[in-house]
Amino acid sequence: MRFDKSGAARSGTSLAVAGALLCALLAGCSTKPDDPDDDTDARPSPSASPRGERWQPKPGLDWQWQLSGRLDPDVDVPVYDIDGFDHDASVVRKLQARGVRVICYINAGAWEDWRPDADDFPKRLLGRGNGWEGERWLDIRQLDVLRPLIAKRFDMCRQKGFDAVEPDQMDGYENRTGFPLTARHQLDFNRMLSRLARERGLAVALKNDVDQVRELLDDFDFAVNEECAAYRECEKLKPFVDAGKAVFHVEYRLKAAQFCEQSRKLGLSSLVKRLDLDAWRQSCADAR
């Protein structure tokens, strides 16, 4: 989610070895019935990008971004962005089976108290609240502590078969986090996120952080932006489009007629969404 510089809201034995070997030798050996929706099978879908070949989304792709409510899997778009914790591998496979690329939303720069790994984050990493209930900014200066925690989350995205990752809260240095963060700290943290994603064969998005687009352009495969039109910042994202990289963009307060023409001229993939990012959407691709 987007925040302004005040921090206000803008916008998770040997016997056993012998048994396992015996099981492997016996056809059809299983400890439970097959379940096509069972998320314990976290192997990537055959339609996911092969290891070492990252997806490279191009400008102009229409998309759906849904982080709350019951997922609507039937929106006729080539790209979905969904919560990585909330959806298992079967959901990713079903979307990919009809040719959809799927982005894994993960909060990287803020702590969320409801995530299954919340207790893994040392208390010293937690800063001020960021305007959303249960969330606090992270001290992104502590790269050695954060790296394995975020790597585990990105491993989850890869194991579930996602094509890409969208790390959220990548502009803490422009907010009141409780830590003396600088632009240099943010560049180092964001580049760490990029390396972790790309090492896993995942495309990676630069989320917001429009003031560092030029420095980070080579490190990211596409961008995700909230409210660049409302804040008159969309021109800052043009380097992504010029480099042949998609910019997936949403507005919450503006109507389509107020920004879609400019979005199309800039080559952005723009939506109108409600702030809770439920299934409802209006695409600039349709608002002509």
Side-chain angles (χ1 to χ4, degrees), residues 1-11 54 56-59 65 81 103-111 125 127-128 130-131 135 137-144 146-147 150-151 153-154 164-199 202-251 262-263 266-270:
M1 291 295 182
R2 189 81 182 263
F3 300 85
D4 62 22
K5 292 179 175 61
S6 71
R10 278 176 59 169
S11 16
R54 290 195 319 277
Q56 301 289 298
K58 303 301 181 185
W65 195 18
D81 189 338
I103 301 168
C104 183
Y105 170 90
I106 290 292
N107 202 330
W111 176 80
L125 288 179
R128 294 169 58 101
N130 65 7
E135 296 190 26
W137 289 105
L138 290 169
D139 185 356
I140 62 170
R141 298 171 299 170
Q142 300 194 44
L143 299 181
D144 289 345
L146 284 168
R147 186 179 292 106
I150 295 172
R153 290 183 167 191
F154 287 6
V165 62
E166 178 215 333
D168 201 4
Q169 311 294 12
M170 296 177 69
D171 53 5
Y173 81 106
E174 293 189 317
N175 291 271
R176 294 168 58 194
T177 63
F179 305 111
L181 302 182
T182 67
R184 181 74 256 174
H185 294 138
Q186 194 69 61
L187 288 172
D188 291 343
F189 178 70
N190 291 358
R191 286 179 173 138
M192 182 192 76
L193 297 179
S194 170
R195 287 192 297 271
L196 289 174
R198 288 180 168 182
E199 286 168 1
L202 296 166
V204 57
L206 178 65
K207 177 68 172 291
N208 296 325
D209 196 16
V210 294
D211 291 331
Q212 295 186 326
V213 162
R214 293 192 180 277
E215 293 97 325
L216 293 171
L217 180 62
D218 291 341
D219 298 286
F220 291 87
D221 302 296
F222 61 102
V224 175
N225 177 268
E226 296 170 290
E227 298 197 288
C228 71
Y231 291 92
R232 300 181 180 179
E233 299 172 332
C234 292
E235 288 282 350
K236 294 182 179 182
L237 292 159
K238 194 171 182 296
F240 270 93
V241 178
D242 291 344
K245 301 179 180 184
V247 175
F248 299 114
H249 158 237
V250 299
E251 293 292 329
Q262 182 200 27
S263 285
L266 291 173
L268 311 186
S269 301
S270 298

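Below, each value reflects all heavy atoms present in this structure, side chains not excepted, and no hydrogens, waters or symmetry copies. For clarity, every value in this text was computed on a predicted model and none was experimentally measured.
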Result block: side-chain N/O donor-acceptor pairs under 3.5 angstrom for residues 212-220, not counting sequence neighbours:
| unit_1 | atom_1 | unit_2 | atom_2 | d |
| --- | --- | --- | --- | --- |
| Gln212 | NE2 | Ala183 | O | 3.1 |
| Asp219 | OD2 | Arg191 | NE | 3.1 |

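Remark: Ala151 engages Leu196, Arg200 in a side chain to side chain contact (heavy atoms under 4.5 Å, CB included) (not counting sequence neighbours). For Asp242, the side chain to side chain contact (heavy atoms under 4.5 Å, CB included) test picks out Lys238, with sequence neighbours left out. Remark: Lys236 engages Asp211 in a salt bridge (Lys or Arg N to Asp or Glu O under 4.0 Å) (not counting sequence neighbours). Residues satisfying the side chain to side chain donor-acceptor pair (under 3.5 Å) test with Arg195, not counting sequence neighbours, are none. By the salt bridge (Lys or Arg N to Asp or Glu O under 4.0 Å) test, Asp139 is found to be paired with Arg141, residues two or more places apart in sequence or in another chain being considered. Partners of Arg232 under the side chain to side chain donor-acceptor pair (under 3.5 Å) rule, at least two apart in sequence or in another chain, do not exist in this structure. Remark: Ala246 pairs with Pro57, Phe222, Phe248 by the side chain to side chain contact (heavy atoms under 4.5 Å, CB included) rule, at least two apart or across chains. Under the side chain to side chain donor-acceptor pair (under 3.5 Å) criterion, Ser263 pairs with Ser270, not counting sequence neighbours. Judged as a side chain to side chain contact (heavy atoms under 4.5 Å, CB included), and not counting sequence neighbours, the contacts of Ala223 are Leu237, Phe240, Val247. Applying the salt bridge (Lys or Arg N to Asp or Glu O under 4.0 Å) rule to Lys58 yields no partners; only residues at least two apart in sequence or on another chain are considered.
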* Asked: Does the pair Gln142 and Phe179 meet the rule for a side-chain contact (heavy atoms from CB on, under 4.5 Å), with working shown?
  -> CA-CA 11 Å; Gln142 300 194 44; Phe179 305 111; 5.9 Å; no
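Between the CE atom of Met192 and the CG atom of Leu146 there is a distance of 5.5 Å, given to the nearest 0.5 Å. Taking OH of Tyr105 as the start and CH2 of Trp65 as the end, the distance is 7.0 Å to the nearest 0.5 Å. Once rounded to the nearest 0.5 Å, the distance linking CG of Asp209 with CG of Asp171 reads 5.5 Å.
Formation of a donor-acceptor pair under 3.5 Å by the Asn225 side chain with backbone atoms of Cys228 is found in this model. Distance alone, capped at 3.5 Å, places no donor-acceptor pair between the Asn175 side chain and the Asn130 backbone. Looking only at distances, a side-chain donor or acceptor of Glu251 sits under 3.5 Å from a matching main-chain atom of Ala229. In this structure, the side chain of Gln186 engages the main chain of Gly172 through a donor-acceptor pair within 3.5 Å. A donor-acceptor contact shorter than 3.5 Å links the side chain of Arg128 to the backbone of Arg176.
In this structure, Glu227 and Glu233 have side chains that are not in contact, with every pair of non-hydrogen atoms separated by 4.5 Å or more. Taking the side chain as every heavy atom from C-beta outward, Leu266 and Val241 never approach each other to under 4.5 Å. Considering only heavy atoms from C-beta on, Tyr173 stays 4.5 Å or farther from Thr182 through its side chain. In this structure, Asn208 and Met170 have side chains that are not in contact, with every pair of non-hydrogen atoms separated by 4.5 Å or more. Using a 4.5 Å heavy-atom cutoff, the side chains of Phe189 and Gln169 are not in contact. Contact annotation: the side chain of Leu181 approaches that of Ile140 to within less than 4.5 Å [non-hydrogen atoms, C-beta and beyond]. A 4.5 Å side-chain heavy-atom check between Arg153 and Ile106 finds at least one atom pair inside the cut-off.
The pair Asp221-Arg54 meets the salt-bridge criterion, with a side-chain N (NZ, NE, NH1 or NH2) lying under 4.0 Å from an Asp/Glu carboxylate O.
The two residues Phe154 and Pro167 come nearest to each other via the heavy atoms CZ-CG, 4.1 Å.
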